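Order of listing sets the numbers, starting from 1, for every ligand and every atom in it. Quick caveat: nothing in here was measured; it's all calculated off a predicted structure.
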Amino acid sequence: MALAGVRVIELAGLAPAPFCGMILADFGASVIRVDRTKMAMNIDTQARGKRSVAINLKTAAGVSLLKKLCVQSDVVLEPYRKGVMEKLGLGPQELLKENPRLIYARLTGYGQNGPLALAAGHDINYLAISGLLSRLGRSTEKPYAPLNLVADFAGGGLSCALGIVLALLERTKSGKGQIVDASMVEGAAYVGSFVWKSHRIGMWNNPRGQNMLDSGAPFYDTYQTSDGKYMAVGAIESQFYKELLKGLELDSAELPEQMSFNDWPKLRHIFTERFASKTLAEWTRIFEGTDACVTPVLSFEEVSSHPHNQQRGSFIKDQSGEESPRPAPVLDRTPAEPCLKADPMVGEHTVEVLEEYGLKAEQIEQLLATGVVESHATKTKL
Ligand SMILES: CCCCCCCCCCCC[C@H](C)C(=O)SCCNC(=O)CCNC(=O)[C@H](O)C(C)(C)COP(=O)(O)OP(=O)(O)OC[C@H]1O[C@@H](n2cnc3c(N)ncnc32)[C@H](O)[C@@H]1OP(=O)(O)O
């Protein structure tokens, strides 16, 4: 796999950093998640392919152990509020001094400087400060955050993974590591570059929810079917729009022009009535094989059995039967090979990892006995 041989220490976080670590693990990196000790439960749902060590960082021995793991690795991924790692004596200056090849990735909401750097926050706050939230939502409704996908995952976990991979690539030339300052505000804003840079072609001249791609246009929206399901319509270009009208059995001569903004409410009303006259299965059959850009809105339960997804194997099942998306994109020679085993329990690999990082059996026993680390072998899971 592309990242085989890359050693990553991921400090356990909430959602974006675990996703970043999972991407690295899916593509072959050895990812070790550092958990807290005495955890009642593990809420990391993005743990595929990782191993877990449990270390108490409120002890000097725990901190020096983590330091040992970090400086022997290629990447450290930390999701804490600015200053937390420095307080522990594990800031980038300290670690890079000991391992100048280290890539030190810091995934935060607001980045490492600026007046908000110390503030708590979540996806919706980062999205708000990026400007993007102001553009999301239907006309006359308040701004709407599309799950926590944009800041946490696209602008956060995924961008941070890109930063790490870029730093790894650069290291092959310079031999040097570097700090990756991944701010979810900036990551989200960057993902929104199209919105910024297409202002000048007039794509966003109208208020929220009244533009072509923000549910303003009747030819780029969802419509309810007679059985209460939904079809997605994305017929932007005139040749595809013609196909849409054909499928709906509408005569363009009797309709307003596609791009007549003032007529969009009227057109939407006509499309709404049409879509409400047939079931999802009927519309799917009508539009299948056409270029109308009309597709059924599938539920999570339906996606893996859709013939297209099925043929490409776009969704995978792990050994416990849990279904999830296959890692993307697909690399031709060195594709990701996602682990199908159950997610690691907190501390499941403590002993194995410490041995791998060169600790002797007596040292490990001492750390276990003093509660600096915890080990929960797989058999205790049963
Ligand atoms: C039934 C409901 C259950 C609920 C389950 C929840 C399910 C998950 C839901 C996911 C929701 C995702 C949401 C929408 C998100 O947006 S997640 C994104 C959150 N933001 C970030 O990640 C940005 C960067 N991080 C931060 O800003 C902050 O970490 C935070 C998220 C605001 C949390 O702040 P806070 O809890 O005060 O923690 P921090 O200041 O980071 O300090 C962490 C402290 O923990 C300590 N720590 C760490 N590891 C260990 C360890 N192994 N052992 C002992 N201690 C440990 C650190 O030393 C630090 O301690 P201290 O410096 O505070 O004394």
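The ring-ring contact (aromatic ring centres under 6.0 Å, His included) check on Y357 picks up nothing, with sequence neighbours excluded. Partners of D26 according to the salt bridge (Lys or Arg N to Asp or Glu O under 4.0 Å) rule, which considers only residues two or more places apart in sequence or in another chain, are R48.
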Under 3.5 Å donor-acceptor pairs involving side-chain atoms of residues 261-272, not counting sequence neighbours:
{"residue": "D263", "atom": "OD2", "partner": "S260", "partner atom": "OG", "Å": "2.6"}
{"residue": "W264", "atom": "NE1", "partner": "Q258", "partner atom": "O", "Å": "2.9"}
{"residue": "R268", "atom": "NE", "partner": "D221", "partner atom": "OD2", "Å": "3.2"}
{"residue": "R268", "atom": "NH1", "partner": "G216", "partner atom": "O", "Å": "3.2"}
{"residue": "R268", "atom": "NH2", "partner": "S215", "partner atom": "O", "Å": "2.7"}
{"residue": "R268", "atom": "NH2", "partner": "G216", "partner atom": "O", "Å": "3.3"}
{"residue": "R268", "atom": "NH2", "partner": "A217", "partner atom": "O", "Å": "3.3"}
{"residue": "R268", "atom": "NH2", "partner": "D221", "partner atom": "OD2", "Å": "2.9"}
{"residue": "T272", "atom": "OG1", "partner": "R268", "partner atom": "O", "Å": "2.6"}

Starting from the N and O atoms of ligand 1, find every protein N or O within less than 3.5 Å and list the pair with its distance.
{"residue": "ligand 1", "atom": "16 (O)", "partner": "D123", "partner atom": "N", "Å": "2.9"}
{"residue": "ligand 1", "atom": "16 (O)", "partner": "D152", "partner atom": "OD1", "Å": "3.0"}
{"residue": "ligand 1", "atom": "16 (O)", "partner": "D152", "partner atom": "OD2", "Å": "2.9"}
{"residue": "ligand 1", "atom": "20 (N)", "partner": "Y126", "partner atom": "OH", "Å": "3.0"}
{"residue": "ligand 1", "atom": "25 (N)", "partner": "P79", "partner atom": "O", "Å": "3.0"}
{"residue": "ligand 1", "atom": "34 (O)", "partner": "R81", "partner atom": "NH2", "Å": "3.3"}
{"residue": "ligand 1", "atom": "37 (O)", "partner": "R81", "partner atom": "NH2", "Å": "2.7"}
{"residue": "ligand 1", "atom": "40 (O)", "partner": "R81", "partner atom": "NE", "Å": "2.8"}
{"residue": "ligand 1", "atom": "41 (O)", "partner": "R81", "partner atom": "N", "Å": "2.9"}
{"residue": "ligand 1", "atom": "45 (O)", "partner": "R36", "partner atom": "NH2", "Å": "2.7"}
{"residue": "ligand 1", "atom": "47 (N)", "partner": "R36", "partner atom": "NH2", "Å": "3.4"}
{"residue": "ligand 1", "atom": "49 (N)", "partner": "Y80", "partner atom": "OH", "Å": "2.8"}
{"residue": "ligand 1", "atom": "52 (N)", "partner": "I55", "partner atom": "O", "Å": "2.9"}
{"residue": "ligand 1", "atom": "53 (N)", "partner": "L57", "partner atom": "N", "Å": "3.1"}
{"residue": "ligand 1", "atom": "58 (O)", "partner": "K58", "partner atom": "NZ", "Å": "3.2"}
{"residue": "ligand 1", "atom": "60 (O)", "partner": "K58", "partner atom": "NZ", "Å": "3.0"}
{"residue": "ligand 1", "atom": "62 (O)", "partner": "K87", "partner atom": "NZ", "Å": "2.8"}
{"residue": "ligand 1", "atom": "64 (O)", "partner": "K58", "partner atom": "NZ", "Å": "2.9"}

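Remark: E352 engages R51 in a salt bridge, criterion side-chain N to carboxylate O under 4.0 Å. Salt-bridge formation is detected for the pair R106/E78: a Lys NZ or Arg NE/NH1/NH2 atom is positioned less than 4.0 Å from an Asp or Glu carboxylate oxygen.
At least one donor-acceptor pair closer than 3.5 Å links the side chain of N206 to the backbone N or O of Q210.
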